Amino acid sequence: MSNKVRVRFAPAPTGYMHIGNLHTALFNWLFARKQGGAMILRIEDTDELRSTSDALQVIYQGLKWIGLDWDEGPDVGGESGPYVQSERLDIYQEYLERLLDAGRAYECFCTPEQLEERREVMRARGIPPKYDGRCAQLSEDEREELRAEGGESCIRFRVKETGTTVIQDIIQGEVCYENSLIGDPVIVKTSGFPTYHFACVVDDHLMQITHVIRAVEHLPNTQIHIQLQEALGIARPQYAHLPLILGEDRSKLSKRHGAVAVTDYEEQGFLPEAMFNFLALLGWSPGDEQEVMTREQIVERFSLEACDKSPSIFDVQKAEWMNGEYMKRMDAAPLAERLLPLLVEAGLVETQPSAGRWQWLVQVVDLMKERTPLLTTFVTWGRYFFTNDYEYENRAREKWLNREDTPEKLGALAARLQLLEPWDHQTIEGTVRGLAEELEVSAAKVIHPCRAAVTGTTIGPSLFHLMGLLDQDDVVRRLQRTAQRARAGELAPLPNENE
RNA sequence: GCCCCCAUAGUCUAGUGGUUGAGGACGCCGGAUUCUCAGUCCGGAAGCCGGGGUUCGACUCCCCGUGGGGGUACCA
């Protein structure tokens with residue numbers, strides 16, 4: 001047997017996939033790729049009530065979005081399949097027999113209601129609410145009797161009553177748990193499905209997982225897992241428990257933190273490579289000051305030993321900054337390809353743009369990418385490139401469109417631009433500056449109203465370059481239309497809604 | 001309640017018992033850019049949780065406290 005590294009990402013297909021899950025998947029993947037090992041995707045759908053096929057699709061989608069691949073899994077197969085736990089029930093049964101035969105597992109007839117009641121009592125008395133083990137002592141006759149009465153049962157694992165379980169964790173270091181503090185956990189539910197602890201241990205063994213890399217919330221469970229491994233006589237993998245990602249209020253990430261699902265970030269306009277980079281830097285640092293790195297650089301420098309123990313907060317602002325960096329550094333053409341679907345959806349660009357139109361789009365992207373943090377901001381901030389139907393922002397109205405001398409300037413500019421040839425940024429600039437000179441005002445006094453009229457906003461890229469990319473007739477019409485509306489007093493500042 | 005873990009600016013982090021007057025990044029503030037800023041450049045404010053030890057010397061080691069987090073399910 002080779003000593004090749006094998007890791008697994010083992011999500012439960014319940015609900016949505018949040019950013020913390022993706023983080024765990026990413027670190028598993030980074031370690032696998034760095035070590036030249038295998039990444040296995042295993043679906044832990046032992047929660048029959050909450051597992052859904054929709055959730056499963058969301059997992060695939062999330063992993064694919066950020067660019068993680070796997071060497072073995074439900075869809076790609078592999079030698080250790082099946083990779084979905086609900087399809088491995090007979091396997092668990094086999095291992096259960098071993099435990100039963102060894103006297104390390106037993107039937108428990110306590111009902112959930114009884115258990116909850118007893119836990120309450122224990123809590124009230126201030127003692128650890130662990131299972132009291134009452135069914136552990138049942139004789140075969142007593143069990144027979146309970147079954148005859150129609151009592152339903154589950155199977156519990158008999159944990160050690162004394163001693164300490166020591167975990168050597170690559171990230172957390174040495175952690176000890178007292179065996180006397182936990183009760184016998186359920187390993188097979190009344191339904192016949194295994195619980196997480198049991199299925200996980202059996203599968204990690206059968207799939208020859210060498211490194212279990214998962215969130216730190218599983219660290220206490222490792223005590224049970226190790227005892228299960230000992231009882232079964234199977235090898236113990238290495239453990240690496242990752243710190244959690246917390247919401248802004250420092251609590252575990254959940255729906256009430258707003259955007260936590262991977263799909264939320266995709267919809268918000270994050271580039272997967274930026275998210276990849278950003279997530280890699282949560283709980284891990286390359287040790288130097290480089291932050292924006294390629295996937296290859298991250299893989300090259302990654303190590304579990306360099307992972308931090310303390311939890312981190314997902315800072316959306318920094319994530320957006322990182323995304324902006326990626327947009328800036330990306331070539332315009334590939335970026336335009338990412339943008340196209342959003343522009344089509346917004347009804348701003350046709351699904352199959354002509355070659356000329358595409359060339360033009362690339363130029364627009366090149367002009368705008370410097371200042372757009374997200375794909376979606378490109379669409380909103382760059383709207384005026386694609387349509388004459390845009391709003392005049394309040395700042396534009398206040399500062400320029402509401403001025404008495406504006407209509408006249410815009411009109412004069414429209415008249416000159418109408419005849420301009422060629423239509424490029426140099427000649428446009430010459431015309432605009434020339435007008436300013438004739439009017440004996442600074443260039444800014446023409447540039448600003450012009451920008452406000454042509455784009456509806458006070459900010460954006462170089463005005464002359466921007467105009468050069470717009471259609472000449474459109475620009476003239478926009479100037480005329482704005483002048484007209486300004487004269488009619490339609491462009492006065494709007495009443496401030498939120499203040 | 002009990003068990004475990006964590007603790008460098010608002011956030012992500014680097015960091016060594018003395019070379020640190022603690023480095024970088026996001027964000028924030030200020031200046032510049034006479035075409036704006038949501039762009040760019042420059043500058044700035046902001047931190048080693050508190051208290052005890054150990055030591056010639058602690059941000060760095062130990063203890064206690066405080067704060068935060070996780071676990072304590074027939075969820076994973």
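Below, chain A is the first sequence line, B the second, and so on; all start at residue 1. Predicted model, so just to flag it, every value in this text is computed and none were measured. Keep in mind that the numbers below use all heavy atoms, side chains included, and drop hydrogens, waters and symmetry copies.
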Chemist: In a check of salt bridge (charged side-chain N to carboxylate O under 4.0 Å, His left out) between A:Glu107 and each of A:Arg156, A:Arg147, A:Arg158, which one passes?
Modeler: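 Only match with A:Glu107 under salt bridge (charged side-chain N to carboxylate O under 4.0 Å, His left out): A:Arg147.
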Chemist: Under 4.0 Å between any heavy atoms, over every strand shown, what does A:Ser310 touch: base, sugar-phosphate, or nothing? Just pick one.
Modeler: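 Touches sugar-phosphate only.
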Chemist: Classify A:Phe314 by what it touches in the nucleic acid, base, sugar-phosphate, or nothing, heavy-atom distance under 4.0 Å.
Modeler: nothing
Chemist: Assign A:Glu44 to base, sugar-phosphate, or nothing according to its heavy-atom contacts below 4.0 angstrom with the strands shown.
Modeler: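 Since only primed, P, OP1 and OP2 atoms lie under 4.0 Å of A:Glu44, the category is sugar-phosphate.
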Chemist: Run the salt-bridge test on A:Glu325 and A:Arg329 with the 4.0 Å N-O cut-off and return the result as yes or no.
Modeler: yes
Chemist: Would you say A:Asn323's side chain and A:Ala319's backbone share a donor-acceptor pair under 3.5 angstrom?
Modeler: no
Chemist: Closest to the A:Lys318 side chain: B:C3, B:A25, B:C35?
Modeler: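 So the side chain of A:Lys318 is nearest to B:A25.
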Chemist: Given side chains that start at C-beta, do those of A:Leu96 and A:Phe198 come closer than 4.5 Å, heavy atoms only?
Modeler: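 A side-chain contact exists here, since the closest heavy-atom pair is under 4.5 Å.
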Chemist: What's touching nucleotides 39-42 of chain B from the protein side, N or O pairs under 3.5 Å?
Modeler:
residue : atom : partner  : partner atom : Å
B:U40   : OP1  : A:Lys328 : NZ           : 2.6

Chemist: Counting heavy atoms from C-beta on, name the nucleotide in B:A76, B:A7, B:C74 closest to the side chain of A:Tyr196.
Modeler: B:A76
Chemist: Whether A:Arg42 and A:Asp204 form a salt bridge (side-chain N of Lys/Arg under 4.0 Å from carboxylate O of Asp/Glu) is what I want to check.
Modeler: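 Result for this pair is yes, salt bridge flagged.
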Chemist: Does A:Glu178 pair with A:Lys160 as a salt bridge, N-O distance under 4.0 Å?
Modeler: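 Result for this pair is no, no salt bridge flagged.
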Chemist: Between A:Lys318 and A:Glu291, is the closest basic N to carboxylate O distance under 4.0 Å?
Modeler: yes
Chemist: For A:His225 and A:His197, which I'm curious about, is there any donor-acceptor pair between the side chains at under 3.5 Å?
Modeler: yes
Chemist: Taking only the side-chain heavy atoms of A:Ser462 (C-beta and beyond), determine which of B:C74, B:C35, B:U13 contains the nearest atom.
Modeler: B:C35
Chemist: For a quick check of understanding: with a heavy-atom distance under 4.0 Å over all strands, which category does A:Gly460 fall into, base, sugar-phosphate or nothing?
Modeler: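 The answer is base, as A:Gly460 lies within the cut-off (heavy atoms under 4.0 Å) of a base atom.
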Chemist: Identify all pairs in which a protein N or O lies below 3.5 Å from an N or O of nucleotides 64-71 of chain B, and state each distance.
Modeler:
residue : atom : partner  : partner atom : Å
B:G70   : OP1  : A:Lys252 : N            : 3.1
B:G71   : OP1  : A:Lys252 : NZ           : 2.9

Chemist: With a non-hydrogen cut-off below 4.0 angstrom, is A:Arg50 in contact with a base, only sugar-phosphate, or nothing?
Modeler: base
